[in-house]
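Just follow the structure's listing: the first ligand is 1, and inside any ligand the first atom is 1. Quick caveat: nothing in here was measured; it's all calculated off a predicted structure.
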Amino acid sequence: MRICMIGTGYVGLVSGACFADFGHDVTCVDKVPEKIEGLLAGRMPIWEPGLEALVKHNAANGRLKFTTNLAEGIAGADAVFIAVGTPARRGDGHADLSFVYAAAAEIAGALTGPAVIVTKSTVPVGTGDEISRILKENGAPEGTTVASNPEFLREGAAIRDFKIPDRIVVGAEDERAREVLREVYRPLFLNKAPILFTGRRTAELIKYAANAFLATKISFINEVADLCEAVGADVQEVSRGIGLDNRIGPKFLHAGPGYGGSCFPKDTLALLQTAELNGVPMRIVSSVVEVNDARKSAMADRVRDELGGALDGKRIGVLGLTFKPNTDDMRDAPSLALIKRLQEGGASVVAFDPVGREQAEPMLPGVTFAADAYAVAAEADALVLVTEWDEFRALDLKRLAASMKGRQLIDLRNVYDPEDAERAGLSYRGVGRGEQRG
Ligand code: UGA
């Protein structure tokens, strides 16, 4: 199969590289010349485990090409994937589709024969219909069709998620689109990945419903964590106790500082917009967003409380800045809201992140960046673990305690055992770990 991938962001680059690895002939197109030049030289625009090796290997074999020239990229393509960004529109949270529609118009003018145009970007219900209209209006060849193929990969585990997906969703309105996409994904059928063929609008909605449901699980367990603290229960055991029920499942029940990243915050807002436009209130999703927003700022209050009620003049060490481990992505990271509030309260912040510094530094004015976790702890009044990078899982707690000025360890990811921390001389506060009573 000849595949063209428009957009070399997270979804586009990972999907393009994995399709090439399946043996397809893939050309990735991006408008930003620096990105393409970098990729041609083997430099990745994002930090994702395993991606560099996969891209280099397939580029060397000639199956993965990069260009800024869209016409060159789509010449002879059986399938053209649109994987450009759909950021939240300023003001109303609606997904900004201008990049998607611009790509559709350009594709229409450049196609030399019929192809299947597939949206991989997360797009609101009905976007496929509009793309279809744009293609027609701009003279796309007869027989060109539009399908929806949402992507469910997670940052940090993107290649594995792409190659061993829980499911593949294809929304199409015609047999040709289904045939082409069946062929594109055939290598995965050997692993028995379930493929769900459905209508285009349904596929578009599946993506939003999946992300909103996962976000709901997180906000739910975060509220349960607050209750655990109030009543003297342990949220980790509550998660395990409910997660062993097959109907609930154990995943996405880790209490923490609230969800962040490029997807859940944006997609929940966009879903609410779609719901409102269609006169269907989605009160659960709306509460999920509200709970998450409140949670991010509540984390700073937690630090303040642990410091006896005042942040002014305190030195606070922050471990981990990215929205989760194994990525350099800082979009909507809980660390941003936390640090801003700590600074507003008069605290000075010292931070370390294993890979996020380059992205984080411009977003965090006034923060001092340290070389490692121990340097963060030196002379700190409190230490806050925000992102559960592996290298923060087995720190020498005694060494940390010895170099700190204060004793407070606020573990927003429940990485440490409270008793171990106390034994090392730290005063420990996790999330949802209420004091056991009598
Ligand atoms: C998410 C979905 O998991 C993917 O399936 C989806 O494809 C992707 O969005 C997308 O729409 O592109 P991602 O944003 O990469 O993936 O990261 P997740 O692993 O889902 O984590 C999101 C946030 O939730 C992080 O801030 C994480 O710390 C938080 N989280 C996750 C929790 O607080 N508790 C949990 O139990 C799980």
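The shortest heavy-atom contact between Cys18 and Phe162 is CB-CD2, 3.2 Å.
Only side-chain heavy atoms of Phe264 come within less than 4.0 Å of ligand 1; its backbone N, CA, C and O stay farther off.
Inspection of the Glu48 and Tyr10 side chains reveals an N or O donor paired with an N or O acceptor under 3.5 Å. The closest side-chain donor-acceptor pair between Ser148 and Glu204, if any, does not fall under 3.5 angstrom. For the residue pair Tyr259 and Asn222, no side-chain donor N or O sits within less than 3.5 Å of a side-chain acceptor on the partner. A donor-acceptor contact under 3.5 angstrom links the side chains of Tyr428 and Arg433, judged on distance only.
Of all protein heavy atoms, the one lying nearest to atom 36 (O) of ligand 1 is His254 N, 2.9 Å.
When Leu153, Val11, Val386 are ranked by how near their heavy atoms come to atom 6 (C) of ligand 1, first place goes to Leu153.
At least one N or O atom of Glu155 sits closer than 3.5 Å to an N or O atom of ligand 1. Note: an N/O pair closer than 3.5 Å links Asn211 and ligand 1 by distance alone. At least one N or O atom of Phe323, backbone or side chain, sits closer than 3.5 Å to an N or O atom of ligand 1. Between Cys263 and ligand 1, no N or O atom pair is found at a separation short of 3.5 Å. Close N/O approach between Leu253 and ligand 1 is found [any backbone or side-chain N/O within under 3.5 Å]. Taking only nitrogen or oxygen atoms, main chain and side chain alike, Ser262 does not reach within less than 3.5 Å of ligand 1. Residue contacts with ligand 1: Thr122 is placed with no nitrogen or oxygen under 3.5 Å of a nitrogen or oxygen of the ligand (distance criterion only). Inclusion of Ile218 in the set of residues having an N or O under 3.5 Å from an N or O of ligand 1 is not warranted.
Annotation for ligand 1: atoms under 4.0 Å from non-hydrogen atoms of Phe152 are 4 (C), 5 (O), 6 (C), 7 (O).
Paired with Met404 under the rule side chain to side chain contact (heavy atoms under 4.5 Å, CB included), one option of Asp381, Leu426, Leu409 passes, and it is Leu426.
Lys56 and Glu52 are joined by a salt bridge, as a carboxylate oxygen and a charged side-chain nitrogen come within less than 4.0 angstrom of each other.
Annotation: side-chain hydrogen bond (donor to acceptor under 3.5 Å, both in side chains) contacts involving residues 358-376, sequence neighbours excluded, comprise Arg357-Glu361.
By the 4.0 Å heavy-atom criterion, Gly261 is excluded from the residues contacting ligand 1. Within the structure, the closest approach of Arg413 to ligand 1 falls below 4.0 Å when heavy atoms are considered. Heavy-atom separations between Lys207 and ligand 1 include at least one value shorter than 4.0 Å.
Partners of Asp267 by side-chain hydrogen bond (donor to acceptor under 3.5 Å, both in side chains), not counting sequence neighbours, listed by chain and number: Asn211.
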